[in-house]
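This report refers to the structure that appears directly beneath it.
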2 protein chains.
Amino acid sequence: MQLDNRKKEVLHAIVDDYVSTNEPVGSKSLIERHSFNVSSATLRNDMAELEHLGLIEKPHTSAGRIPSDKGYREYVNSLMTIEELTPKEQLEIEKRINTSVDEVTELIKNATHTLSETTGFVSLAMSPRLKKSFLKQLKILMIEPGKALVVMVLSAGVVKDKVVRIPNFLNDEQIMKISGAIEKSLTGKPLDEITLVTVETAGKSTDVPEPLLKQVLYEAYAAIKQADELNIYLEGEHRMLSLPDFSSLGRARDLLGTLSDSGMVAGYVNEMENAARELGSDDSYMIRIGQEITLDGLDDCSFITATYNLTDSVSGNIGVIGPKRMLYSKVISQIDFVKKKLNEEMKKFT
Amino acid sequence: MQLDNRKKEVLHAIVDDYVSTNEPVGSKSLIERHSFNVSSATLRNDMAELEHLGLIEKPHTSAGRIPSDKGYREYVNSLMTIEELTPKEQLEIEKRINTSVDEVTELIKNATHTLSETTGFVSLAMSPRLKKSFLKQLKILMIEPGKALVVMVLSAGVVKDKVVRIPNFLNDEQIMKISGAIEKSLTGKPLDEITLVTVETAGKSTDVPEPLLKQVLYEAYAAIKQADELNIYLEGEHRMLSLPDFSSLGRARDLLGTLSDSGMVAGYVNEMENAARELGSDDSYMIRIGQEITLDGLDDCSFITATYNLTDSVSGNIGVIGPKRMLYSKVISQIDFVKKKLNEEMKKFT
DNA sequence: ATTAGCACTCTATCCTCCCGAGTGCCAACA
DNA sequence: TGTTGGCACTCGGGAGGATAGAGTGCTAAT
C-alpha cells in the first residue's frame with residue numbers, strides 16, 4: 001500500500017476517532033481533534049483518495065467516513081503501535097488468573113473468563129491440541145460388571161478419562177491384564193500415532209479370549225481417540241448486546257446465533273490456526289477483520305487469537321471476538337498478556 | 001378466586017388470544033374469535049371486573065387487555081388443560097434423546113438440548129443431587145510425584161474424579177494403602193454423611209506417617225465433597241432474541257446478562273426445588289411466572305421445571321425459561337415428556 | 001499542492017395530524 | 001339484575017412535511 005505520510009496519519013486518525021466516537025468522521029472534526037497543519041479541504045482531498053483506495057467509505061453521500069475492512073487491516077498491519085498495559089492493568093489480570101487450580105482445564109477457563117472481563121467482549125479458548133502429547137499412563141478400572149473407566153495420564157500433565165462398556169463376564173484380573181498390556185506398549189507414544197491396530201497388537205500378549213479382548217481394546221482405543229478431541233470455551237456472549245455496534249436486534253441475533261454453535265466456532269478457530277501455520281506466520285497473534293471472517297453474522301466483528309503453549313509440542317488458542325470497531329492496540333496487548341500469564345501458569349502443570 | 005363460568009372463559013380466551021397474537025385483546029376481537037353468546041358490551045363489563053381483580057391489565061387507557069402475572073397464574077392453576085403431545089412430536093423428542101451415550105451427564109445434556117430445540121426457549125438442567133447417593137468405589141491413582149487422581153464410583157452409576165496434590169515423597173504403595181482404607185470404611189455411606197472426621201478416622205488404620213497421611217486424607221475428602229457439587233446446563237439463550245417479547249434491546253440484555261451467571265440461576269433453581277419440597281407439592285412440575293421470579297431481568301419470563309429421577313433418592317431438575325406469554329399447556333407437556341424419557345433412559349445407567 | 005468558498009445532499013429529528021381500535025358509561029330493555 | 005346498543009372520549013402509532021446541521025465535491029485563486 002503506497003501512502004504518503006499524511007494520508008497514513010489521516011487514516012490513523014479516522015480509525016481512532018471512529019473507534020472512540022462511533023460516528024462517521026468528517027474532515028472538519030478531524031481538524032478539530034488532531035493537529036494537522038493543513039485545511040479541511042486538503043484533508044477532504046486525502047479522504048477522497050483513501051476512499052478511492054477502498055480504505056474508508058461513506059455510509060451515505062453527506063456523511064463522514066468510516067474505515068472499511070481493508071482500512072482496519074491497513075491500520076492493524078502498519079499503522080498502530082501496540083502499547084504495553086499499565087502495571088495496574090497487568091496486576092488486575094494476574095490476580096484473576098492466579099487463583100490456584102488443580103487442573104489445566106480450570107486454568108484455561110479462568111483465563112478465558114479474565115479475558116472476557118477485561119476486554120468486555122466475547123472471549124474464547126480452545127483446549128490444548130493433545131495429538132502430539134504422549135501417553136504416560138493408562139489404567140482401566142472396573143466400575144461394575146459391564147462397565148469400566150479408562151483413565152489416561154498424558155505427557156502434558158493432562159488427565160482424561162472415559163466410561164466405557166465392556167463385556168459383562170470379564171473379571172477384574174482380566175481387565176488388569178489388558179490394561180497393563182496396553183499401557184506397557186503404548187506408553188511414550190504420541191496420541192496421533194496410536195491407531196486401532198496399535199492397540200490391538202498391544203493386547204495380543206494377554207491370554208484373554210479373543211472376542212472379549214477385542215471389544216475392550218476397541219473401547220480403549222475409542223477412549224484414547226476421545227482424549228484428543230478439541231473443546232472450546234466461549235464466554236461473555238451477552239456482552240455483545242451492550243455494544244452500540246449490535247444495537248440492531250437483527251445483527252445481535254445473527255451474531256449470538258452463530259456463537260451458540262460452539263462446534264462451528266471451534267472449527268473456524270482451527271482453520272485460522274492451520275492457515276497461520278501454513279503461512280509460517282511468526283506473529284504472536286492472528287487477526288481476522290469483518291468479512292474476512294467466514295462465519296455468518298460476524299461481518300461487524302473482529303476475531304483475534306493468540307497461541308498458548310502447554311508444552312513445546314502441545315498448544316491451543318485463546319482470544320476474543322469483538323466489534324471490528326475496537327481499540328486494537330489495547331485488546332491485542334490484553335490478549336498477549338493473558339497468554340503470557342497463561343503460559344507461565346501452565347509451566348506449573350507440566 | 002371466585003369467578004363465574006363466563007368470566008373464566010373470558011380470561012381463558014384473553015390469555016389464549018394474547019399468547020397467539022402478542023396484541024392486547026379487546027372486547028370486540030374477543031367476540032369475533034370466540035363464540036360467546038353475548039355482546040361486546042357485556043364482555044367489557046366482565047373485563048372491567050377481571051381487571052378489578054388484578055387478573056388482566058391495560059398497557060394504556062385505550063388499548064385492549066393483557067393478562068397480568070396473577071392472570072397467568074390463575075390460567076395455569078385452574079383454567080388450562082394440558083394436552084398430550086401428538087405421536088409425531090413424541091417421536092421427534094424420543095429420537096433426539098435416544099442417541100446412545102456412555103455417561104449420565106451426556107444424557108442430561110442431550111435432554112437439555114432437545115428441550116431447547118422443541119420449545120424454542122432457553123432450557124436448563126441441574127446435575128443430579130448426589131448427596132444421597134453412596135460411595136461404591138474410591139481409588140486413588142498416582143499420576144506423578146506430588147499428584148494423584150481420586151476416582152469415585154457412586155451408587156447412582158455416576159463416576160467422578162479429581163486431580164489432587166499430594167506430598168511428593170509418598171510412594172505408590174502408601175497411596176494404595178490409604179486408598180484401600182478409605183474405600184473399605186466409606187463404601188456404602190451416603191455422601192452427605194461423609195465428613196472430614198469420617199475420612200480421617202478411616203485413614204487411621206494405615207501405617208503411613210501422620211503429616212503425610214493427613215494431607216492425602218484432606219484431599220480425598222475435598223474430592224468427595226466436590227463430587228456432589230451441583231452443575232447447571234443452560235442452553236439456547238440466543239433464542240430469546242427471536243421472540244417479540246424481547247425485541248427491546250434493554251430487556252434482552254438484562255435477561256441474557258442474568259442468564260450468563262449460571263451459578264445464580266442454579267441457586268435459584270435450588271430455591272424453587274426446596275420451596276416445592278417444603279410445601280410438599282405433589283405437582284409433577286414447578287412454575288414461576290413473571291415477578292414471582294426473583295432474578296433480575298426475568299420479569300417477562302416464566303420458569304418451568306420438572307424433577308427427573310436418577311434413582312429413588314437421587315434427582316435433579318430440568319426445564320425451560322421462556323416468555324411468560326407462552327403456550328403453557330404445550331410447553332408443560334413437552335417438559336413432562338422429556339422428563340419421562342429422561343427417566344426411562346436413566347434406568348439404563350443404574 | 002493547498003486553500004477558501006459555495007452549492008448541494010442526505011439523515012435525523014421534531015411537529016402535527018389523523019385513523020382506528022378500544023374504553024367507560026349511560027339509558028333502555030328483558 | 002344482567003344484558004345491550006349507543007356514544008363521547010382516549011391514546012398510540014404511522015404518515016407527511018419542514019428544518020437543521022454536518023459533510024461532501026468542485027472550482028477558482030494562491
Side-chain angles (χ1 to χ4, degrees), chain A residues 2-11 13-18 20-68 71 244-245 247-248, chain B residues 2-11 13-18 20-68 71 244-245 247-248:
Chain A
Q2 298 291 38
L3 288 180
D4 65 43
N5 275 337
R6 199 185 55 223
K7 291 212 184 67
K8 280 185 187 170
E9 279 170 37
V10 171
L11 178 55
I14 290 175
V15 173
D16 282 351
D17 283 13
Y18 183 60
S20 63
T21 65
N22 194 23
E23 304 276 317
V25 358
S27 53
K28 221 166 170 179
S29 64
L30 217 42
I31 294 282
E32 275 169 29
R33 295 162 143 270
H34 304 266
S35 43
F36 291 104
N37 291 318
V38 292
S39 75
S40 65
T42 310
L43 292 194
R44 274 205 290 285
N45 291 333
D46 288 349
M47 286 162 83
E49 182 73 11
L50 290 171
E51 184 173 5
H52 190 67
L53 291 169
L55 295 166
I56 57 179
E57 50 198 25
K58 286 188 289 224
H60 54 86
T61 334
S62 72
R65 307 301 215 294
I66 61 175
S68 65
D245 310 73
S247 60
S248 131
Chain B
Q2 297 291 37
L3 289 180
D4 64 44
N5 274 338
R6 199 183 55 222
K7 292 213 184 65
K8 282 185 186 169
E9 278 169 38
V10 171
L11 178 56
I14 290 175
V15 173
D16 282 350
D17 283 12
Y18 183 60
S20 62
T21 64
N22 194 24
E23 303 276 317
V25 358
S27 54
K28 220 165 169 179
S29 64
L30 218 42
I31 293 282
E32 275 169 27
R33 295 162 144 270
H34 304 266
S35 42
F36 291 103
N37 291 318
V38 293
S39 76
S40 66
T42 310
L43 291 194
R44 274 204 291 285
N45 290 334
D46 288 349
M47 287 161 83
E49 183 73 11
L50 289 171
E51 184 174 6
H52 189 69
L53 291 169
L55 295 165
I56 57 180
E57 49 198 27
K58 284 187 290 222
H60 53 86
T61 333
S62 71
R65 306 303 214 294
I66 61 174
S68 65
D245 310 73
S247 59
S248 132

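Side chains included, hydrogens not; waters and symmetry mates left out as well; all remaining heavy atoms used.
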Open item on the list: I'd like to check the side chain to side chain donor-acceptor pair (under 3.5 Å) partners of B:D245; sequence neighbours left out, ordered by chain and number.
Closed with: B:R325
Task: Pairwise side-chain contact, B:I56 with B:V10, heavy-atom cut-off 4.5 Å (strictly under) - done: no
Task: Partners passing side chain to side chain donor-acceptor pair (under 3.5 Å) against A:N5 (at least two apart in sequence or in another chain) - done: none
- [ ] For A:E23 and D:dG21, give me the distance from atom CD to atom C1', rounded to whole Å.
- [x] 13 Å
Task: Electrostatic pair A:K7:A:E49 at N-O distance under 4.0 angstrom - done: no
- [ ] Measure the shortest side-chain to side-chain distance between A:T21 and A:R33 over non-hydrogen atoms and say whether it is less than 4.5 angstrom.
- [x] yes
TODO: Please state whether the phosphate of D:dT24, meaning OP1 or OP2, lies under 4.0 angstrom from any side-chain nitrogen or oxygen of A:S27.
DONE: yes
Task: Nearest-neighbour nucleotide for the B:M47 side chain, D:dT10, D:dG25, C:dT23 considered - done: C:dT23
Task: Between C1' of C:dG24 and CG of B:L50, the distance in whole Å - done: 16 Å
TODO: Find the distance B:H60:NE2 to D:dT10:P and express it as a whole number of Å.
DONE: 15 Å
- [ ] Find the distance A:H52:NE2 to D:dC26:P and express it as a whole number of Å.
- [x] 13 Å
- [ ] Let me know which of A:I66, A:V25, A:L43 forms a side-chain contact (heavy atoms from CB on, under 4.5 Å) with A:I14.
- [x] A:V25
Open item on the list: Please report the distance, rounded to the nearest Å, between CD in B:E32 and C1' in C:dG22.
Closed with: 12 Å
Open item on the list: Nearest to the side chain of B:K28, heavy atoms from C-beta on, is which of D:dG25, D:dT10, C:dG22?
Closed with: C:dG22
TODO: Calculate the interatomic distance between A:L30 atom CG and D:dA22 atom P; express it in whole Å.
DONE: 16 Å
- [ ] Report the nucleotide, chosen from D:dT24, D:dC11, C:dC10, that has the shortest atom-to-atom distance to any side-chain atom of A:K58.
- [x] D:dT24
Task: Residue A:K28 excluded, over 12 heavy atoms near NZ under 6.0 Å - done: no
Open item on the list: Can you confirm whether more than 12 heavy atoms, excluding those of B:H52, are under 6.0 Å from its NE2 atom?
Closed with: no
Open item on the list: My understanding is that only residues two or more places apart in sequence, or in another chain, count here; which of them pass side chain to side chain donor-acceptor pair (under 3.5 Å) with A:S68?
Closed with: none
TODO: Do nucleotides 1-7 of chain C as a string where each nucleotide becomes B, S or -: B if the base has a protein heavy atom under 4.0 Å, S if just the sugar-phosphate does, - if no protein is that close.
DONE: -SBBB--
- [ ] Between B:P59 and A:E51, just flag the one whose closest nucleotide in DNA chain D comes earlier from the 5' side.
- [x] B:P59
Task: Below 4.0 Å: OP1/OP2 of C:dT11 and any side-chain N or O of A:S62 - done: no
- [ ] For C:dG24, take OP1 and OP2 only and decide whether either is under 4.0 Å from a side-chain N or O of B:R65.
- [x] yes
Open item on the list: My understanding is that only residues two or more places apart in sequence, or in another chain, count here; which of them pass side chain to side chain donor-acceptor pair (under 3.5 Å) with A:R6?
Closed with: A:D46
Task: Spacing of B:D4 atom CG relative to D:dT1 atom P, expressed in whole Å - done: 15 Å
Open item on the list: From CZ of A:R33 over to P of D:dG23, roughly how many Å is that when rounded to an integer?
Closed with: 11 Å
Open item on the list: Taking the axis from the first five pairs and the axis from the last five, what angle separates them in the helix from C:dA1-D:dT30 to C:dA30-D:dT1, rounded to 10 degrees?
Closed with: 20°
